[in-house]
Amino acid sequence: MKLGRDFYTRADTLLVARELLGKLLVVPQGGARVAGRVAETEAYVGTEDRASHAFGGRRTARTETMYARGGVAYVYLVYGMHHQFNVVTGPEGSPQAVLVRALEPAEGVVYMRRRRPVRDERALASGPGKLCQALGIDRSFNGEDLTGPRVWLEDDGFAVAPSEVASGPRVGVAYAGEHALLPWRFWLRGSAFVSRK
DNA sequence: TATAAGATTTACT
DNA sequence: GTAAATCTTATAT
């Protein structure tokens, strides 16, 4: 079933990041379901996190979405060419989000392959930019309500035991100093679909 | 105004 | 392993 507002608005973003593992990210298109199981996430926590776009309370046209209430999509462009899909968490005015970094293709794989002609299924969505290309997520999804009909996360009963969740430092945030070392990246232990080997 | 660097991926050496 | 592609934002002229 589709995750409701209450899942996202909780205060503990790290908990949301952990619990998103194993859920399905669904983007219906062409009358079909296109979905992947979340294999890797990263938490970006509020104004104190030097790695976060909202560090120090920064507020720009791009980061405005991070300040929305939990349960909306934060989609932006990095390096001028790759989209990143995030889930906003916490209450309105609290800029926190969880970056979805990797998916295991689950439904509508043919639609994903149409946009990403790769041989190995493991390369379809094993990275934050890759999964956006595979699912057709672009900036038009920024601010989209995750309890609405265009994109959402759902629980299909797939259980993830605590021992199956691994954690470690986040990727690509070396500029964040000591905050770059915090174990705020989570992934399914042993999954072949995470972004790094 | 100009420049540098980034929550990355891919192709080529 | 290194480099290129190229939009947004921050900081320096």
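Below, chain A is the first sequence line, B the second, and so on; all start at residue 1.
Here the CG atom belonging to A:Asp49 is positioned 10.0 Å from the OG1 atom belonging to A:Thr13, to the nearest 0.5 angstrom. Rounding to the nearest 0.5 angstrom, the gap separating the CG atom in A:Leu146 from the CG atom in A:Leu153 is 6.5 Å.
Nearest-nucleotide positions on DNA chain B for A:Glu42 and A:Lys130 put A:Glu42 closer to the 5' end. Both A:Gln133 and A:Val78 lie near DNA chain B, and the one whose nearest nucleotide falls closer to the 5' end is A:Val78.
Across all strands shown, A:Arg116 has heavy atoms under 4.0 Å from sugar-phosphate atoms exclusively, and none from any base. Across all strands shown, A:Arg50 has no heavy atoms under 4.0 Å from either base or sugar-phosphate atoms. Counting non-hydrogen atoms under 4.0 angstrom, A:Arg170 reaches nothing in the nucleic acid.
Other cluster members for A:Val26: A:Leu24, A:Trp152, joined by side-chain heavy-atom distances under 4.5 Å among Ile, Leu, Val, Met, Phe, Trp and Tyr.
Put simply, the side chain of A:His53 never gets that close to the backbone of A:Thr63: no donor and acceptor are under 3.5 Å apart.
Atom C1' of nucleotide B:dT10 and atom CZ of A:Arg115 are separated by 19 Å, given to the nearest angstrom. B:dG6 atom P lies 13 Å from atom OH of A:Tyr44, rounded to whole Å. In this structure, A:Arg119 places its CZ atom 15 Å from P of B:dT10, rounding to the nearest Å. Spacing between atom CG of A:Asp138 and atom P of B:dT8 amounts to 19 Å, rounded to whole angstrom units. Atom CG in A:Asp120 sits about 12 Å away from atom P in B:dT10, given to the nearest Å.
You can see that DNA chain C meets the heavy atoms of chain A within a 4.0 Å-exclusive cut from C:dA5 to C:dA10, reading 5' to 3'.
With sequence neighbours left out, A:Phe158 forms a side chain to side chain contact (heavy atoms under 4.5 Å, CB included) with A:Arg37, A:Asp156, A:Val160.
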Please tabulate, for side-chain N and O atoms in residues 114-124 of chain A, each donor-acceptor pair with protein atoms closer than 3.5 Å (sequence neighbours left out).
residue: A:Arg115; atom: NE; partner: A:Gln133; partner atom: O; Å: 3.2
residue: A:Arg115; atom: NE; partner: A:Ala134; partner atom: O; Å: 3.0
residue: A:Arg115; atom: NH1; partner: A:Gln29; partner atom: OE1; Å: 2.8
residue: A:Arg115; atom: NH2; partner: A:Gln29; partner atom: OE1; Å: 2.8
residue: A:Arg115; atom: NH2; partner: A:Ala134; partner atom: O; Å: 2.8
residue: A:Arg116; atom: NE; partner: A:Ala123; partner atom: O; Å: 3.4
residue: A:Arg116; atom: NE; partner: A:Leu124; partner atom: O; Å: 2.9
residue: A:Arg116; atom: NH1; partner: A:Gln133; partner atom: OE1; Å: 2.8
residue: A:Arg116; atom: NH2; partner: A:Ala123; partner atom: O; Å: 2.9
residue: A:Asp120; atom: OD1; partner: A:Arg122; partner atom: N; Å: 2.9
residue: A:Asp120; atom: OD1; partner: A:Arg122; partner atom: NE; Å: 3.2
residue: A:Asp120; atom: OD2; partner: A:Arg122; partner atom: NE; Å: 3.0
residue: A:Asp120; atom: OD2; partner: A:Arg122; partner atom: NH2; Å: 2.8

remark   = Output field dot_bracket for DNA chain C (Watson-Crick or G-U, both distances under 3.5 Å, | for other-strand pairs) contains |||||.||||||.
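A:Leu135 places a side-chain heavy atom less than 4.5 Å from the side chain of A:Leu103. Two residues are said to be in side-chain contact when any heavy atoms from C-beta on lie closer than 4.5 Å; A:Thr41 and A:Val16 fail this criterion.
Near DNA chain B, meaning a heavy atom under 4.0 Å from it, residues 82-107 of chain A has A:His82, A:Gln84, A:Asn86, A:Leu99, A:Arg101 in order of number.
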request  = Go through the steps to decide whether A:Glu107 and A:Arg33 satisfy the test salt bridge (charged side-chain N to carboxylate O under 4.0 Å, His left out), and finish with yes or no.
outcome  = CA-CA 6 Å; A:Glu107 300 177 50; A:Arg33 279 166 56 96; 2.9 Å; yes
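No cation-pi contact links A:Arg58 to A:Phe55, judged by a cut-off of 6.0 Å to the six-membered ring centre and 45° from its axis.
Ring to ring, A:Phe141 and A:His83 are not that close: their centroids are 6.0 angstrom or more apart.
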